[in-house]
S.K.: 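First the structure, which I've put down as structure tokens, then a few questions once you've had a look.
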Amino acid sequence: MPTPIRVARAPDGVLAYAIPIPPEGLPPVAPRDLEAAWDRARAAAAAERWGAPRRLLFRRPDGSAQEMLLADADAACWAEAVDAAHDLGTMGGLSLCLRLLALVEVMTRARWLRGLFAMTSEGIEIDPALLRAAAAMPLDAAARFDETGLRRLLSRPIPSGVSA
């Protein structure tokens, strides 16, 4: 049984998470969960349901600590929305949240991805292949998607073991 994530609220309201593994060790998620998290996060932002900042403290394999702070209002809002449905105190919930944030981040910097999502009057529509890739590929040490790895993954079929 994996060591659980310990969660505590600091006096200043920041939620602190002690995570026993590094970001790249977080598990894959189901594409349907990633898509639902995207929709919940967008709804939370539209309703201005801003969440508390979150301090993530990852344990590296060598025993050192790696800190990540989700203090940006949008990131805190999206984390709050995912936490409400999937509990960021679990590996699955945390993985889902960080993959969602990594997907947003890579969509803003990787121009070649523009053909895999479209802005419509109802929001952003994401190609199912991009959702499957973001759900399956590992995060890097900075909890982001490696652009080269993502391009390579999208250039071939995603294994059938990844459920939608």
S.K.: For the atom pair SG (C77) and CD (E48), what is the distance rounded to the nearest 0.5 Å?
M.R.: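 So the gap between those two atoms works out to 9.0 Å.
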
S.K.: Measure across P23 and A141 and return the closest heavy-atom pair with its distance rounded to 0.1 Å.
M.R.: CG-O, 3.4 Å

S.K.: Quickly, which of L34, V104, D33, L94 forms a side chain to side chain contact (heavy atoms under 4.5 Å, CB included) with R99? Name it, please.
M.R.: L34

S.K.: Heavy-atom count around R109 CZ within 6.0 Å, excluding the residue itself: above 12?
M.R.: yes

S.K.: Looking only at side chains, do R54 and Y17 share a donor and an acceptor under 3.5 Å apart?
M.R.: yes

S.K.: Just how far is it from atom CG of L139 to atom CZ of R144, taken to the nearest 0.5 Å?
M.R.: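 Answer for the CG-CZ pair, L139 versus R144, is 11.0 Å.
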
S.K.: Decide yes or no for W38 and L131: does some side-chain heavy atom of the first lie under 4.5 Å from some side-chain heavy atom of the second?
M.R.: no

S.K.: Tell me, do L56 and L69 make a side-chain contact under 4.5 Å, heavy atoms counted?
M.R.: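 Heavy-atom side-chain distance check fails, nothing below 4.5 Å.
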
S.K.: Any side-chain to backbone donor/acceptor pair from S95 onto G92? Under 3.5 Å, distance only.
M.R.: no

S.K.: Say you draw a straight line from CD of E105 to CD of E147; how long is it, rounded to the nearest 0.5 Å?
M.R.: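 Here the interatomic distance stands at 9.0 Å.
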
S.K.: Ignoring hydrogens and geometry beyond distance, is a side-chain donor-acceptor pair present between T148 and D146 at under 3.5 Å?
M.R.: no

S.K.: Just to verify, what does A85 make a side-chain contact (heavy atoms from CB on, under 4.5 Å) with, not counting sequence neighbours?
M.R.: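 Partners of A85 under the side-chain contact (heavy atoms from CB on, under 4.5 Å) test: R40.
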
S.K.: Using the test side-chain contact (heavy atoms from CB on, under 4.5 Å), find all partners of P22 that sit at least two apart in sequence or belong to another chain.
M.R.: E24, R60, P61

S.K.: Minimum heavy-atom separation for A76 to A52, with atom names?
M.R.: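 So the two residues come closest at CB-O, 3.7 Å.
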
S.K.: State, with a plain yes or no, whether a side-chain heavy atom of W50 is found less than 4.5 Å away from one of D74.
M.R.: yes

S.K.: Which atom pair, heavy atoms only, marks the closest approach of A142 to M68?
M.R.: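 Scanning both residues, the minimum pair turns out to be O-CE, 3.4 Å.
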
S.K.: Quick one: are L96 and L88 in side-chain contact, heavy atoms under 4.5 Å?
M.R.: no

S.K.: Should E80 and R49 count as an ion pair when the cut-off is N to O under 4.0 Å?
M.R.: no

S.K.: Would you say T90 and I5 make side-chain contact, with heavy atoms under 4.5 Å?
M.R.: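 Heavy-atom side-chain distance check fails, nothing below 4.5 Å.
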
S.K.: Give, for atom CG of L70 and atom SG of C97, the distance between the pair rounded to the nearest 0.5 Å.
M.R.: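 That separation rounds to 6.0 Å.
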
S.K.: For a quick test of reading the model, state the closest non-hydrogen atom pair linking A134 to L103 and the distance between them.
M.R.: CB-CD1, 4.1 Å

S.K.: Working to the nearest 0.5 angstrom, can you tell me the gap between L150 CG and M107 CE?
M.R.: 11.0 Å

S.K.: Is there a side-chain contact between M91 and L26 in this structure, where contact means two heavy atoms from C-beta onward sitting under 4.5 Å apart?
M.R.: yes

S.K.: Please walk me through it: do F145 and D140 pass side chain to side chain contact (heavy atoms under 4.5 Å, CB included)?
M.R.: CA-CA 6 Å; F145 291 126; D140 67 13; over 6 Å; no

S.K.: Quick one: does W78's side chain get under 4.5 Å of L100's, heavy atoms only?
M.R.: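 When only atoms from C-beta onward are counted, L100 and W78 do touch, with a gap below 4.5 Å.
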
S.K.: For R42, look at atom CZ and say whether over 12 heavy atoms of other residues, nucleotides or ligands are found less than 6.0 Å away.
M.R.: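 Atom CZ in R42 is packed in, count exceeds 12.
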
S.K.: Please give me the minimum heavy-atom distance between A44 and A81, naming the atom from each residue.
M.R.: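 What the structure gives for the nearest pair is CB-CB, 3.8 Å.
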
